[in-house]
Amino acid sequence: MPETRRRDTAIRTGLRRRDWLWIGLIIVLLAWTGKRVEVDRIAAESGQAALALAGLADDSHMLDVADRIGRSMIPIQLSVVTPVDRIQNFDPERLPLFSHLETRETVSERIDPQSLKPVRTAERRVVLVERYGYLRQLLIKALETLEIAVWATLIAAVLSLPMALLAAKPTMDHGAVRWLVRGMLSILRAIPELIGALLMVLVFGFGPAAGVLALALHGTGFLGKFYAEDMENAPSGPQEALRAIGANRLLLFRYAILPQVLPQFVAYTVYLLDRNFRMATMIGLVGAGGIGQELKGRYDMYEYHHVATIILIIVVSVLLLELLSARLRRRLL
Amino acid sequence: MIELRGVGKRFDGAGKILDSIDLSVPRGQFCVVLGPSGAGKSTLLRLINGLIAPDVGAIRIDGEVLTRANMRRIRRRIGMVHQHFNLTPRLRVADNVLVGALPALPRWRALLGLHARASRERALALAGVVGLDCEQLGRRAETLSGGQQQRVGIARAFMLEPDLVLADEPVASLDPALSIKILGLIRDQASRTGSTVVCSLHQVELARAFADRIVGLNGGRIVLDAAPQSISASDIETLYRGSGVSPVA
């Protein structure tokens, strides 16, 4: 009898009792965590929305809210209206591009202190309407975001190159130094950009400086690791040739390694620029400059027309930069 | 020029690669180290310019023992030609040749690649000698064929008019006709600059044709040391015994 059993288990296929136990355990675990992250609610509400869309249910909370937000976003905000008397040295002969003057009446109601009755006063003011004024402001913000990304990438590249030299085997003999520098790079990488920006805002205050630094430090950890790994994978033949003529480590890097890894170095750096731009739109949320800061402000004031324009600008510029960097990388590799 | 006394080397788990090697090569000699693959030829050459250090024994170059302190200075007088050429593939051919002149430059100029006019003239002349034209000098090294790449390697090795040229199987990856041309280039250039040459080969016929002296290496020991004319077929038989390789050109 034990013999037949041994034969059975030896040639058995399919799931065993132990496998079923594991599967059961995983299902229980997923059910438990799913409840914690409200997967059940997501399922219920999106199901309801699907039914409503198909005309099988009367109302759906999700669709209502989406509808409301959509309506409050459209039309997107493009113009800026400024009362003329608030503009210094206003010259009606020289209006900015795409703008005109309008006279607007604003009615305000207040309590008359003597009679204690409400009094309505109408005030006529001349305002300057810049039809694409807000768009222009946002494009400037987007440019600032790009500038943050470019500088962060530049600083990261400059900082990470010497660190990579200290972290790569061909250029650094001492294992302890390599280990130490790699550790530092890992720590830099481990701090998410948003958290880094949050801390930098404490140091530098609101504005782009915090953003640039936060992105630069994270980028240093990222580039340093990849630069070092590339250098270690570079072919060793040219390095031996340089060593054989008595070249030092720096010359070894310059003539045997750098020419071989340069295309990858550039590709990583362009990728970092691409990624830094996306992150630079985000870190504005914690006050570290760029278009994200504008978004946060408008969102907190429920100005959804403005929010819609900002989101549109972000999406379009991220797509454009991605297109550009993909093209650049293709040309280099 | 070169003196090896009781030099031995072993690598972890590989047994003895070289065992008590005594060898002295006088100035201006074209010395071929002949032997089957795995005989220790490469190791011997790499020991001479300090790419690896011996376990026992002493190596002297012009009476000086190679140490960490004088290694760079001594290596500057040694040119090396490698089996796999070891050019930097993405550098231009001209830059690869000029790499040979780097040790003579001050540090910052070397880093920036600011070579003296004389160096550039010499690179141009050497390129002509080894048969590279100006169009090829402007191309990336990786675009050249194997034979052309080895021509670049030779030009690079002779940039600083070295006292000693180490050629580690310089023609192992080239066809026979090309091998003769390349070895001829090394010999002619060496006689022009008065350089001593230590060249490892595994082809008996090529060794016979080019060497002033043949040193036979097998199993990490010198089993043969003679002028090419006085080497008999039975010497060659002994040299390749137990290697499973037939001693053909």
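Only heavy atoms go into these numbers, but all of them, side chains included; no hydrogens, no water, no symmetry mates. Quick note on labels: first sequence line is chain A, next is B, and so on, each numbered from 1.
Looking at B/L112, the atoms closer than 4.5 Å to chain A (heavy atoms on both sides) all sit in the backbone: N, CA, C or O. Heavy atoms closer than 4.5 Å to chain B are found nowhere in A/L262, neither backbone nor side chain. In this structure, the portion of B/L87 lying under 4.5 Å from any heavy atom of chain A is its backbone and not its side chain. Using a 4.5 Å cut-off between heavy atoms, B/M80 touches chain A through its side chain atoms alone.
Taking A/A247, A/G246, A/P238 one by one and counting their heavy-atom pairs under 4.5 Å with chain B, the maximum is reached by A/P238.
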Test side chain to side chain contact (heavy atoms under 4.5 Å, CB included) applied to A/L251 and B/L111, step by step: CA-CA 6 Å; A/L251 288 182; B/L111 207 56; 4.0 Å; yes

Distance-only donor-acceptor screen, chain A against chain B, under 3.5 angstrom:
| from | atom 1 | to | atom 2 | distance (Å) |
| --- | --- | --- | --- | --- |
| A/G237 | O | B/N86 | ND2 | 3.1 |
| A/E240 | OE1 | B/R46 | NH1 | 2.7 |
| A/E240 | OE2 | B/R46 | NH1 | 2.5 |
| A/R243 | O | B/R75 | NH1 | 2.9 |
| A/R254 | NE | B/L111 | O | 2.9 |
| A/Y255 | O | B/T88 | OG1 | 2.9 |
| A/Y255 | OH | B/A110 | O | 2.6 |
| A/Y255 | OH | B/G113 | N | 3.2 |
| A/P259 | O | B/R90 | NE | 3.1 |
| A/Q260 | OE1 | B/R90 | N | 2.8 |

